[in-house]
Amino acid sequence: MQFLKILFWFLLAFVAALFTYGNWTRVQINLWSGLIADVNLPLLLLVTFLIGFVPTYLYLGTVRWRLRQRLTTCERMLADARALPVTAPVATPVTTSVIAEEPVA
């Protein structure tokens, strides 16, 4: 499985290098107050990808951290519950009251 992961990343890097080589052009971006920025297209795509990826990655990391903390807490509570001595339930005497029935006439 590790081999496939490495192969995937090398393939992705190769495709990114081909794209960068084939599209090394300048793009003009109109900013505020009439400012114009000349940016390379691969750099612009990388920045926009990171703007979308980084917040999502951070959110996923915090969710995984919270779930891991909850799982650890539940496992600790379960281990504590298993460590408690098991006592037999106390049998309570059952009392039955006999109601005297009146004879039916």
Side-chain angles (χ1 to χ4, degrees):
M1 189 55 109
Q2 185 69 20
F3 172 74
L4 291 176
K5 187 187 291 187
I6 292 172
L7 182 67
F8 170 75
W9 285 112
F10 274 120
L11 182 64
L12 188 66
F14 179 72
V15 169
L18 281 178
F19 176 80
T20 302
Y21 180 74
N23 293 307
W24 195 263
T25 59
R26 293 219 177 257
V27 178
Q28 289 186 351
I29 300 174
N30 294 325
L31 300 173
W32 58 92
S33 300
L35 292 174
I36 297 175
D38 284 337
V39 181
N40 289 331
L41 182 62
L43 179 64
L44 178 65
L45 291 178
L46 177 67
V47 168
T48 56
F49 172 75
L50 290 177
I51 287 172
F53 178 75
V54 170
T56 306
Y57 184 73
L58 292 176
Y59 175 74
L60 174 69
T62 56
V63 167
R64 289 182 66 199
W65 179 79
R66 273 194 344 229
L67 288 175
R68 193 173 297 124
Q69 293 297 323
R70 287 176 60 188
L71 182 63
T72 304
T73 303
C74 289
E75 286 176 345
R76 191 177 314 121
M77 288 173 55
L78 183 63
D80 291 344
R82 286 183 178 166
L84 291 177
V86 178
T87 57
V90 178
T92 57
V94 178
T95 56
T96 57
S97 58
V98 178
I99 300 175
E101 294 183 15
E102 297 179 16
V104 179

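Quick note: residue numbers are just sequence positions, from 1.
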Asks: Give the minimum heavy-atom separation between I51 and P55, together with the two atoms involved.
Replies: O-CD, 3.1 Å
Asks: Taking atom OG1 of T48 and atom CG of L50, what is their separation to the nearest 0.5 Å?
Replies: 8.0 Å
Asks: Can you see which heavy atom on L31 is nearest to which on A37, and at what distance?
Replies: CD1-CB, 3.9 Å
Asks: Pick one: which of L41, L45, L18 meets side chain to side chain contact (heavy atoms under 4.5 Å, CB included) with N23?
Replies: L41
Asks: Are more than 12 heavy atoms from other residues, nucleotides or ligands located less than 6.0 Å from atom OH of Y57?
Replies: no
Asks: I want to check something: taking the side chain as every heavy atom from C-beta on, are R26 and N40 in contact at a cut-off of under 4.5 Å?
Replies: yes
Asks: Under 4.5 Å between side-chain heavy atoms, counting indirect links through other Ile/Leu/Val/Met/Phe/Trp/Tyr residues: same cluster for F14 and L7 or not?
Replies: no
Asks: Are K5 and M1 close enough that some pair of their side-chain heavy atoms sits under 4.5 Å apart?
Replies: no
Asks: So, taking the atom named OG1 in T72 and the one named CE in M77, what distance separates them when rounded to the nearest 0.5 Å?
Replies: 13.0 Å
Asks: Under 4.5 Å between side-chain heavy atoms, hopping through other hydrophobics if needed: is there a path connecting W9 to L4?
Replies: no
Asks: With clusters defined by side-chain heavy atoms of hydrophobic residues (ILVMFWY) lying less than 4.5 Å apart, directly or transitively, does V15 cluster with L46?
Replies: no
Asks: Any link between V47 and L44 through a network of hydrophobic side chains (Ile, Leu, Val, Met, Phe, Trp, Tyr) touching at under 4.5 Å?
Replies: yes
Asks: How long is the gap from CZ on R64 to CG on L60, to the nearest 0.5 Å?
Replies: 6.0 Å
Asks: According to a hydrophobic-cluster definition based on side-chain heavy atoms being under 4.5 Å apart (Ile, Leu, Val, Met, Phe, Trp, Tyr only), do Y59 and L67 belong together?
Replies: yes
Asks: D80 versus L84: any side-chain heavy-atom pair under 4.5 Å?
Replies: no
